[in-house]
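First the proteins, then the strands, lettered A, B, ... as listed; each starts at 1. Reckoned from all heavy atoms, side chains included, excluding hydrogens, waters and symmetry mates. What you see is a predicted model, and the numbers here were worked out from it, not measured in a lab.
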Amino acid sequence: MLELPELETYKKLLSEQIINKRITGVAVKEEKLLNSEPSAWSKELQGREVLYIERRGKQLLFHLDNGKRLLLNLGLAGQIQYDEQGSEDGSAANAQVMIYFGEHALRLHGIRQGYAHLLSAKEADQLLTDLGPELLDRKMNLERFRVLFARKRGMLKSALVQQTFVAGIGNGYADEIAFEAALLPSAKLQDLSEETVERLYRSTLTVLNDAIENGGLGEQPLNAQDQLTGGYKSHVRVIERDGQPCERCGALIQKAEIGSRRTYYCANCQKEQ
DNA sequence: AGAGTCACCCGGACGC
DNA sequence: TGCGTCCGGGTGACTC
């Protein structure tokens, strides 16, 4: 589960640790994550500082002090750890890329279908142009949300997870948002009233903000001091709760395939509109 | 053109 | 412990 809230959690925790710290070394074990030869890639990072970290959709963009960007896409199940060297747990052994900040090491592992690309600002912007709007951006509001959704047809869930439509939501939070809005994941967007679209908008903000506030659903803490990651797990109301009672109506949560995606929902209190 | 479906990718978890 | 098998989300190709 690596969606907007998990990436926001990484951004927050990592920012506290690595902003304005100098990269003192790089070790690459999995070349295919990179967009250049490991030696060239490493050399470009060496000696740089991270000015700030930005999140776009499910990507993290590390802004470096030479104007370049490190675009990190953790793919399906990637994880980040940031520890003092020597204090690593067993997962250090299967790190794919390590970036050293003095005596600390940032380790990437478990990345599937992801990458760590070093790009110019222009290249990074181009790669991100296809992303849909950020729902938590200051520029997003109810009116814009309405306009966006009024143009869209098809199933609610399919739309929510489509990155070119809205950025950052994946299979997990789509189900939680649909539950919060009391809409079936299979609900047709073209059938929703203005009031329902507004409810959907509020639900989206509620779920994403609550998840961010509580550290998302991450499986592994960033380091031993991290008390935040994974805190949203106890808030989850449908995902992986099949067979358990719905906390709103008591009916049992169902698991099904919708739009060829694993989907959890309450068939009793979530409706078509 | 846009929506729905499906195959592929592959690290890790799990089982023996 | 080591090997084989399976899981599963995002993506892009393909269909309708």
Side-chain angles (χ1 to χ4, degrees), chain A residues 1-7 9-10 28-35 55-61 71-81 88-98 107-117 126-132 134-135 147-178 183-192 207-208 211 216-221 229-230 232-233 236 238-242 254-265 272:
Chain A
M1 205 71 62
L2 276 167
E3 309 180 26
L4 188 156
E6 287 70 41
L7 273 297
T9 301
Y10 275 138
V28 176
K29 290 189 183 170
E30 204 150 326
E31 296 183 25
K32 67 178 179 201
L33 296 181
L34 314 182
N35 58 331
R55 183 195 55 76
R56 279 292 279 127
K58 300 174 187 174
Q59 275 86 211
L60 287 180
L61 204 49
L71 181 61
L72 180 61
N73 182 326
L74 293 172
L76 292 187
Q79 290 184 331
I80 301 175
Q81 287 192 293
E88 302 96 340
D89 61 23
S91 68
N94 42 34
Q96 297 163 314
V97 174
M98 292 195 265
R107 298 195 307 278
L108 309 178
H109 58 101
I111 298 177
R112 249 185 308 163
Q113 314 260 97
Y115 51 83
H117 286 182
Q126 279 171 355
L127 271 176
L128 297 170
T129 48
D130 285 343
L131 281 180
E134 294 285 342
L135 293 174
V147 169
L148 188 66
F149 276 72
R151 296 199 287 250
K152 192 79 177 163
R153 297 178 293 134
M155 290 187 287
L156 169 62
K157 176 154 185 172
S158 304
L160 287 176
V161 302
Q162 190 185 340
Q163 299 305 296
T164 53
F165 180 61
V166 289
I169 298 171
N171 202 37
Y173 288 99
D175 288 356
E176 292 298 319
I177 291 167
L183 288 170
L184 286 166
S186 58
K188 299 288 185 294
L189 293 180
Q190 60 269 32
D191 296 341
L192 304 185
V207 168
L208 294 178
L217 297 164
E219 291 293 325
Q220 190 175 38
T229 294
Y232 191 63
K233 282 182 194 171
V236 154
V238 284
I239 56 179
E240 288 168 17
R241 289 197 68 243
D242 47 316
Q254 313 270 311
K255 177 182 176 181
E257 283 244 326
I258 292 174
S260 67
R261 289 161 183 282
R262 190 170 55 119
T263 301
Y264 300 92
Y265 62 102
E272 291 287 354

Quiz item: Between C:dG10 atom C1' and A:Glu6 atom CD, what is the distance in whole Å?
Solution: 15 Å

Practice problem: Check for a donor-acceptor pair, side chain of A:Thr263 on one end and backbone N or O of A:Arg261 on the other, with a separation under 3.5 Å. | Solution: yes

Practice problem: Round to a whole Å and report the spacing from CD1 of A:Ile111 to P of C:dG9. | Solution: 18 Å

Quiz item: Rounded to the Å, how far apart are A:Arg151 CZ and B:dA1 C1'?
Solution: 15 Å

Exercise. Compute the angle between the rotation axes at the two ends of the helix from B:dG2-C:dC16 to B:dC16-C:dG2, each taken over five pairs, rounded to 10 degrees.
Key: 20°

Quiz item: Using a cut-off of less than 4.0 Å, is there contact between a side-chain N or O of A:Lys152 and OP1 or OP2 of B:dG2?
Solution: no

Quiz item: Which part of the nucleic acid, if any, lies within reach of A:Glu30 when heavy atoms closer than 4.0 Å are counted: base, sugar-phosphate only, or nothing?
Solution: sugar-phosphate

Self-check item: Protein-nucleotide distance (A:Asn171, atom CG; B:dC6, atom P), rounded to Å
Solution: 16 Å

Quiz item: Between A:Glu30 (side chain) and A:Val97 (backbone), is there a donor-acceptor pair under 3.5 Å?
Solution: no

Practice problem: Rounded to the nearest angstrom, tell me the gap between atom CD in A:Gln163 and atom P in C:dG10. | Solution: 7 Å

Quiz item: In whole Å, what is the span from the CG atom of A:Leu74 to the P atom of B:dC10?
Solution: 17 Å

Quiz item: Do the side-chain N or O atoms of A:Arg261 get closer than 4.0 angstrom to the phosphate oxygens (OP1, OP2) of C:dG10?
Solution: yes

Quiz item: When all nucleic acid strands are considered with a 4.0 Å heavy-atom cut-off, which category describes A:Lys32: base, sugar-phosphate, or nothing?
Solution: sugar-phosphate

Practice problem: Output yes when a side-chain donor or acceptor of A:Glu240 lies under 3.5 Å from a complementary backbone atom of A:Val238, and no otherwise. | Solution: no

Practice problem: Round to a whole Å and report the spacing from CD of A:Gln79 to P of B:dC10. | Solution: 19 Å

